[in-house]
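Working notes, structure below.
Side chains are part of it too, since the values below use all heavy atoms of this structure and drop only hydrogens, waters and symmetry mates. Residue numbers start at 1 and run along the sequence shown.
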Amino acid sequence: TFDQASTLIELVLFDWDIFQVYDWNSNQGTVFDTTARPIIDSVLQGYNGTVFCYGQTGTGKTHTMEGQWDPPDMRGIIPRAFCHIFERIEGTHDQNFLVFADPRNRYRCILERSRTIYFS
């Protein structure tokens, strides 16, 4: 019915706050440092956090999130996030951490540090 359709339309309308917009000149390090690093630091203090890439098909969302492992400056948000988390944990001696990874859909992270950690 019309009432159900108008209710459905109301449910899918959202107001979005856009904090950062990047163009084709942006590099992976800048995107991570200005967008994801503050969220990850908050998570390490006990807050919930989400990094979400949104955009049209072919605009670089997967590249932004994953990048490539080599060379290191091409790493995306996911590998940089894991490296940052483990570096912070290694430098913290007065707290215990439980790291849980739950990659969704097609994302699989393979991280190499002193040992290889597989998330699938």
Using side chain to side chain contact (heavy atoms under 4.5 Å, CB included), reason through Gln28 and His63 one step at a time and then give a plain yes or no. CA-CA 9 Å; Gln28 297 283 53; His63 175 71; 3.6 Å; yes
For Asn48, I'd like to know if atom CG has over 12 heavy atoms of other residues, nucleotides or ligands within 6.0 Å. no
Does some side-chain heavy atom of Arg37 sit less than 4.5 Å from a side-chain heavy atom of His84? yes
Check: Phe52 main-chain N/O paired with Lys61 side-chain donor or acceptor under 3.5 Å: no
Is there a donor-acceptor contact under 3.5 Å linking the side chains of Tyr22 and Thr64? no
Are Ile78 and Met74 co-members of a hydrophobic cluster defined by side-chain heavy atoms under 4.5 Å apart? no
Please test Gln95 against Thr92 for side chain to side chain contact (heavy atoms under 4.5 Å, CB included), starting from the C-alpha separation and ending with a verdict. CA-CA 6 Å; Gln95 290 178 295; Thr92 303; 3.5 Å; yes
Quick check on Asn25: does its CG atom have over 12 non-hydrogen neighbours (other residues, nucleotides or ligands) under 6.0 Å away? yes
Under 3.5 Å donor-acceptor, Thr34 side chain and Thr30 backbone: yes
Does Asp33 pair with Arg80 as a salt bridge, N-O distance under 4.0 Å? no
Ile40 and Phe32, any side-chain heavy atoms less than 4.5 Å apart: yes
Decide yes or no for Asn27 and Asp73: does some side-chain heavy atom of the first lie under 4.5 Å from some side-chain heavy atom of the second? no
Determine, stepwise, if the pair Ile77 / Val31 fulfils side chain to side chain contact (heavy atoms under 4.5 Å, CB included). CA-CA 8 Å; Ile77 289 174; Val31 172; 4.1 Å; yes
